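Notes follow the structure.
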2 protein chains.
Amino acid sequence: MATQRVPQATAERLPLYYRSLQRLVDNGKTRISSSDFGKIVQIDSTTIRKDFSYFGALGRKGYGYNTQHLLEFLRKTLYQDELSKVILIGVGHLGTALLNHNFERNNNTRIVRAYDINPEKAGKEIGGTKIHLMDELAKTDNSDITAAILTVPAERAQEAAEQAMASGIRGFLNFSPVRLTLPPDVYVRHVDMTVELQALIYFLNHSMEEKQNK
Amino acid sequence: MATQRVPQATAERLPLYYRSLQRLVDNGKTRISSSDFGKIVQIDSTTIRKDFSYFGALGRKGYGYNTQHLLEFLRKTLYQDELSKVILIGVGHLGTALLNHNFERNNNTRIVRAYDINPEKAGKEIGGTKIHLMDELAKTDNSDITAAILTVPAERAQEAAEQAMASGIRGFLNFSPVRLTLPPDVYVRHVDMTVELQALIYFLNHSMEEKQNK
DNA sequence: CATCAATTGTTCCTATTTTCACAATCTTTG
DNA sequence: CAAAGATTGTGAAAATAGGAACAATTGATG
Ligand SMILES: NC(=O)c1ccc[n+]([C@@H]2O[C@H](COP(=O)([O-])OP(=O)(O)OC[C@H]3O[C@@H](n4cnc5c(N)ncnc54)[C@H](O)[C@@H]3O)[C@@H](O)[C@H]2O)c1
Ligand SMILES: NC(=O)c1ccc[n+]([C@@H]2O[C@H](COP(=O)([O-])OP(=O)(O)OC[C@H]3O[C@@H](n4cnc5c(N)ncnc54)[C@H](O)[C@@H]3O)[C@@H](O)[C@H]2O)c1
């Protein structure tokens with residue numbers, strides 16, 4: 001059943017395309033060429049055309065892409081036409097920021113519940129999201145939950161993930177600086193800010209060295 | 001001067017190696033094989049050996065790697081033996097979380113100043129870091145600052161980056177969901193949590209489909 | 001409605017990254 | 001200290017990703 005396999009690198013760019021396109025549509029733009037779009041998202045226009053081509057012919061030669069139509073397509077592909085419910089575990093500094101933000105409007109992803117081990121936090125509400133005690137996680141029906149956001153301390157991440165797994169969750173966005181050991185049918189993505197900053201510093205220092213050698 | 005060019009992919013893994021190794025040394029482990037290390041960081045052992053090989057022979061055949069020695073090497077390579085000072089721009093929900101966290105101990109990166117446009121925030125202190133009014137950014141000597149963390153709203157990110165640039169900053173860790181347009185000698189890394197979550201959801205849904213087709 | 005300009009979809013080429021496979025060599029042990 | 005076992009470093013192969021070039025085709029224009 002064809003639809004040639006979509007490369008990982010392509011899949012990871014789709015959410016960026018989706019959001020940038022959303023902004024274009026909001027601003028009333030009805031068409032865009034791959035090269036103009038490339039300037040916005042800072043990706044080569046050939047790469048963009050090739051990415052879209054995995055899904056068939058989405059554009060029109062000599063014209064470009066209809067923003068509305070393309071947005072619609074990406075919305076479906078990214079499952080943004082139905083609400084994706086996620087939970088958040090660990091309402092500390094970072095968890096609180098995420099709850100307050102809660103993926104803003106125009107984005108069909110919502111944090112529907114939060115959990116923390118601290119009884120003082122349980123019962124409260126942040127950004128309209130209620131905080132529950134960690135113990136309740138196992139007792140809740142989580143069959144409609146797509147993923148869990150993990151914002152607990154590093155030493156607690158593995159156990160928190162396991163508790164979430166036991167309640168049926170199969171996807172994690174892990175903000176803690178440890179790699180989780182989970183079964184292969186569980187999907188984990190890492191957001192690792194310390195690593196990002198150190199990589200930035202490395203590249204800055206090394207590009208400076210290169211210049212000095214010239 | 002030899003030291004064969006280090007691939008980008010390798011460079012981006014170094015901070016993870018560094019931190020994982022730090023944990024091993026903290027726990028008193030004195031040696032580790034690439035395959036055991038691979039299990040910890042969840043990277044193929046061949047990839048790890050090849051990564052290290054770009055820097056010369058860091059291990060010993062039949063023995064593995066001396067954790068202390070390797071950590072030392074990575075510390076130098078990542079410039080973690082000297083303090084890297086960074087500033088933070090935009091003390092909102094996310095900025096506050098980052099200030100409170102401030103890259104914890106054992107990490108020679110420090111947020112030394114914060115800036116916000118809101119006069120009510122200026123003058124205060126969060127996590128020991130003083131908040132200044134945005135206007136002061138241009139007046140400050142930032143020659144010792146390595147990079148700026150950008151946690152301002154999307155619509156303000158470009159102008160905030162330009163102000164930081166004007167004061168001499170050449171590296172950015174951008175948490176806002178826009179691609180910055182900056183000169184080529186400026187280095188920008190993006191941390192885009194919305195994109196990460198959407199990618200996670202995409203992969204979750206698609207791996208389920210694949211299973212159904214089997 | 002014929003011509004010109006624009007722009008896609010795709011083929012082919014190149015660069016980068018990952019993985020395999022194994023000789024070289026060190027460590028450990030009896 | 002010789003033999004056995006472990007593990008690195010790396011050359012070569014495979015897989016993935018990125019980019020140049022261009023025929024095909026559509027839209028715009030006079
Ligand atoms: N704050 C940041 O800016 C930042 C930056 C980079 C990485 N991180 C990482 O994100 C994670 C959270 O950071 P933070 O600053 O929000 O920490 P924090 O200490 O402020 O918050 C952690 C929260 O998790 C709760 N918790 C602890 N154990 C738990 C468990 N077993 N189950 C459920 N909840 C539990 C605590 O009660 C607390 O509310 C850490 O792993 C940290 O390394 C944070
Ligand atoms: N909070 C989150 O969890 C989260 C998650 C994903 C992405 N983000 C992104 O991070 C950025 C910050 O998010 P937030 O939730 O902290 O927003 P926020 O509104 O809470 O904070 C923004 C802060 O920036 C300040 N500011 C505005 N304009 C400024 C300027 N020109 N110069 C300096 N300071 C200025 C504001 O006064 C405010 O304090 C946003 O771009 C957001 O999209 C946040």
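Given the structure is predicted, the values throughout are model-derived calculations rather than measurements. In the text below, chain A, chain B and the rest are named by the order of the sequence lines, each starting its count at 1.
Aromatic ring centres of B:Tyr17 and B:Phe52: separated by under 6.0 Å.
Separating the OH atom of B:Tyr54 from the P atom of C:dT16 is a distance of 11 Å, rounded to the nearest angstrom. A:Asp36 has its CG atom 15 Å from the C1' atom of C:dA5, to the nearest Å. Whole-Å rounding puts the B:Gln8 CD to D:dA17 C1' distance at 13 Å. Straight-line distance from the CD1 atom of A:Ile32 to the C1' atom of C:dT8: 14 Å, rounded to whole Å. Spacing between atom CZ of A:Phe52 and atom P of C:dT10 amounts to 14 Å, rounded to whole angstrom units. Taking atom CG on B:Asp51 and atom C1' on D:dT8, their separation rounds to 14 Å, with Å as the unit. A straight line from CG of B:Asp44 to P of C:dC20 spans 6 Å, rounded to a whole angstrom. Following rounding to the nearest Å, B:Phe55 (CZ) and D:dG9 (P) show an atom-to-atom distance of 13 Å.
Two residues are said to be in side-chain contact when any heavy atoms from C-beta on lie closer than 4.5 Å; B:Phe175 and B:Ile149 meet this criterion. Within the 4.5 Å cutoff, side-chain heavy atoms of B:Ile40 are placed close to those of B:Ile32. The side-chain heavy atoms of A:Arg110 and A:Val86, taken from C-beta on, include no pair separated by under 4.5 Å.
In this structure, A:Arg49 does not reach the C:dT10 phosphate: none of its side-chain N or O atoms is under 4.0 Å from OP1 or OP2. For B:Thr47, a side-chain nitrogen or oxygen approaches OP1 or OP2 of C:dT19 to under 4.0 Å. Contact between the side-chain N/O atoms of B:Ser34 and the OP1/OP2 oxygens of D:dT7 is not found at any separation under 4.0 Å. OP1 or OP2 of D:dA6 has not a single side-chain nitrogen or oxygen of B:Tyr65 nearer than 4.0 Å. In terms of phosphate contacts, B:Tyr63 brings no side-chain nitrogen or oxygen within less than 4.0 Å of OP1 or OP2 of C:dA24. For B:Arg13 and C:dT18, the shortest distance from a side-chain N or O to OP1 or OP2 is below 4.0 Å.
With respect to the salt-bridge test (charged N to carboxylate O, under 4.0 angstrom), the residues B:Glu12 and B:Arg189 qualify. Ion pairing between B:Asp44 and B:Lys50 fails under the 4.0 Å rule for side-chain N and carboxylate O.
Closest approach to the B:Ser33 side chain among D:dT8, C:dG9, C:dC20 is made by D:dT8 (side chain taken as heavy atoms from C-beta onward). The side chain of A:Lys50 has C:dT10 as its nearest neighbour among C:dT10, C:dT17, D:dT7.
Across all strands, B:Thr46 comes closer than 4.0 Å to base atoms (heavy-atom distances).
In the interface, the side chain of B:Lys61 is not paired with the base of D:dG5 through any donor and acceptor atom under 3.5 Å apart.
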Polar pairs (N or O, both sides) under 3.5 Å between protein and nucleotides 1-4 of chain D?
none

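Under the 6.0 Å distance and 45° angle rule, A:Arg31 counts as a cation-pi partner of A:Tyr63.
Residue B:Leu58 is the one, among A:Arg31 and B:Leu58, whose nearest nucleotide of DNA chain D lies closer to the 5' end (criterion: closest heavy atom).
Ring geometry for A:His206 versus B:Tyr79: interplanar angle over 60°, hence perpendicular rather than tilted (30 to 60°).
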